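If you're wondering where the values come from, they're calculated on a predicted model, not measured in any experiment. Naming: A, B, ... by sequence-line order, numbering from 1 per chain. The basis for the numbers below is simple: all heavy atoms, side chains too, and nothing from hydrogens, waters or symmetry mates.
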Protein chains: 2
Amino acid sequence: MDMMRNPGRRTILADAAVHVLAQQGSRGLTHRALDDDAGVPRGTSSNFFATRDSIIDAILVRIGQRLAPDPVVHAGLAGQAPGKKLFTAYMKDIVHRLTSDRDAALALFELRLEATRRPHVEEAITAWLRAGLADDVALNTRMGLPGGEQEIALFHYAINGFILDQITVPVKPGVNRDEIIERFVQLLLHSE
Amino acid sequence: MDMMRNPGRRTILADAAVHVLAQQGSRGLTHRALDDDAGVPRGTSSNFFATRDSIIDAILVRIGQRLAPDPVVHAGLAGQAPGKKLFTAYMKDIVHRLTSDRDAALALFELRLEATRRPHVEEAITAWLRAGLADDVALNTRMGLPGGEQEIALFHYAINGFILDQITVPVKPGVNRDEIIERFVQLLLHSE
DNA sequence: GTTCGATCACGACATCCGTAGTGATTGGAG
DNA sequence: CTCCAATCACTACGGATGTCGTGATCGAAC
């Protein structure tokens, strides 16, 4: 009864899980809430995700998919000349993807806290974060820019804090997000 | 039946609430969990916090107390000469307080996400964050250092992202926290 | 020592949850 | 068309939860 097939419905339910986790929090993440949110008969999600843990696993996978770089934007930028401007454009795209898919970003922060108590989640998120860091380090050097892993890590701390602020409780509402990114790139990666 | 008196027991239960929220998450934050964690008979916390909402209110208040600046450290620093070094020392104290009282810091991040769905929590945290920002802006200018609200806001984004990383899923385990603070101060506030 | 309100321990109850079933339905292979 | 396994809708149930009520106990004022 793994209900591995019918990937369409499974994805719909996984998206509903992301939505519910983001909107109702970990406390509201129940099988029945998934069913209601997805508009399917109650009991359906139990057929796809037998336990609550498997719901969380599905969210983990789904968020990974939804927050992956947009190949269209990626391709569009690939043709341009490498340099600070292009690197900044990549970073803006990352932040834009996180702030526009608010549910996925919120759910990711929920999972970060969940990682505190679930080793399985911690492993997955650690791997995801390390990969993202390695990618950006490689991108930065490929662009011929100064700064190694340490500097990119600082940059990631800053960007994550900024996204958390924007998505939850903004200290300064109405800031220009692209401008913030530009300043972080300028100050953290090109100030020496 | 507000059980306003006996502040000792109320504080014990509030601390238990912070502990449970940090360790078990929003899902585990129940009256019975509070009672067990505090070692009091089951049903006790219902006498102090009639509804679950009032538990959250109590956590909000308690975190505000626990994360307030240490007057001892504050007094010790007040005697020194103003300048970048002293400002950095203040910032290290703030980060140290957040990373050493891990439960309070974790609970604060939980509440940040809870603020998404509870207007009451959002107001409280917004006020808290704005006050912290204003304080640091005032401190910075009092130290005769360059940088206004914008720069301090960037700094707060970065610090919060760093603390979240350290407390949940560190990308780079074993980093020197004070060194990170120093670099953020140097790069974000003194690079021009 | 008696009294009385504050404080507390404990139980009751409707509701919801996770999980595991049990048949109905479906759609393609033969 | 027939059949059969995959897919699905729905139910059942032990357990946990939020909330409210009801006495017991305590401690200070008189």
Side-chain angles (χ1 to χ4, degrees), chain A residues 1-60 62 107 110-111 113-114 117-118 120-121, chain B residues 1-60 62 107 110-111 114 117-121:
Chain A
M1 273 254 187
D2 255 20
M3 214 58 69
M4 273 308 178
R5 324 293 165 78
N6 201 345
R9 220 154 179 221
R10 176 170 253 265
T11 301
I12 288 178
L13 285 168
D15 279 330
V18 173
H19 186 237
V20 170
L21 178 57
Q23 300 296 324
Q24 316 284 346
S26 176
R27 180 153 222 266
L29 186 69
T30 71
H31 285 94
R32 289 163 176 85
L34 291 205
D35 296 332
D36 293 348
D37 189 87
V40 297
R42 290 193 166 186
T44 301
S45 57
S46 289
N47 287 328
F48 287 83
F49 314 117
T51 70
R52 194 172 177 276
D53 284 356
S54 75
I55 296 180
I56 293 180
D57 289 347
I59 294 177
L60 222 35
R62 189 63 186 132
E110 292 274 0
L111 288 185
L113 293 175
E114 206 69 24
R117 22 186 187 278
R118 295 177 183 270
H120 190 246
V121 175
Chain B
M1 275 255 188
D2 254 20
M3 213 61 64
M4 275 306 180
R5 323 294 164 79
N6 201 345
R9 224 156 174 215
R10 178 172 251 266
T11 301
I12 288 177
L13 285 168
D15 279 330
V18 172
H19 186 238
V20 170
L21 177 57
Q23 299 297 324
Q24 315 284 345
S26 176
R27 180 153 220 266
L29 187 69
T30 71
H31 284 96
R32 288 162 178 85
L34 291 205
D35 296 332
D36 292 349
D37 189 87
V40 297
R42 290 196 165 184
T44 301
S45 57
S46 289
N47 286 328
F48 286 83
F49 315 118
T51 69
R52 212 183 95 100
D53 284 356
S54 74
I55 296 180
I56 293 180
D57 288 346
I59 295 177
L60 221 36
R62 189 63 188 132
E110 292 274 0
L111 288 185
E114 206 69 24
R117 21 185 189 277
R118 296 177 183 268
H120 190 245
V121 175

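B:His31 places no side-chain N or O within donor-acceptor distance of the main-chain N or O of B:Asn47, the cut-off being under 3.5 Å.
In terms of phosphate contacts, A:Thr44 brings no side-chain nitrogen or oxygen within less than 4.0 Å of OP1 or OP2 of D:dC8. Note on A:Arg42: every side-chain N or O is 4.0 Å or more away from OP1 and OP2 of D:dA12.
Contacts between residues 12-37 of chain B and DNA chain C, defined by a heavy-atom separation below 4.0 Å, involve B:Arg27, B:Arg32, listed by number.
Between the P atom of D:dC26 and the CZ atom of B:Arg9 lies a distance of 13 Å, rounded to the nearest Å. The separation between B:Phe49 atom CZ and D:dT17 atom P is 17 Å, rounded to whole Å. Taking atom CG of residue B:Asp53 and atom P of nucleotide D:dT17, one finds them 17 Å apart after rounding to whole Å. When the P atom of D:dG18 is taken as reference, atom CZ of B:Phe48 falls 18 Å away, rounded to whole Å.
When distances run from any side-chain atom of A:Asn47 to the nucleotides D:dC10, C:dC10, C:dT19, the shortest one goes to D:dC10.
Shown here are the side-chain contact (heavy atoms from CB on, under 4.5 Å) partners of B:Arg27, two or more places apart in sequence or in another chain: A:Ser26, A:Arg52. Taking the side-chain contact (heavy atoms from CB on, under 4.5 Å) definition, one finds that A:Asp15 meets it with A:Thr11, A:Arg62, A:Arg66, sequence neighbours left out. Looking at residues two or more places apart in sequence or on another chain, you find a side-chain contact (heavy atoms from CB on, under 4.5 Å) between A:Asp53 and A:Thr51, A:Arg118. The side-chain contact (heavy atoms from CB on, under 4.5 Å) check on A:Ile12 picks up A:Ala38, with sequence neighbours excluded. In this structure, the side chain to side chain donor-acceptor pair (under 3.5 Å) partners of A:Arg42, at least two apart in sequence or on a different chain, are A:Asp36.
Of the residues near DNA chain D, B:Arg52 and A:Val40, the one whose nearest nucleotide (by heavy atom distance) lies more toward the 5' end is A:Val40.
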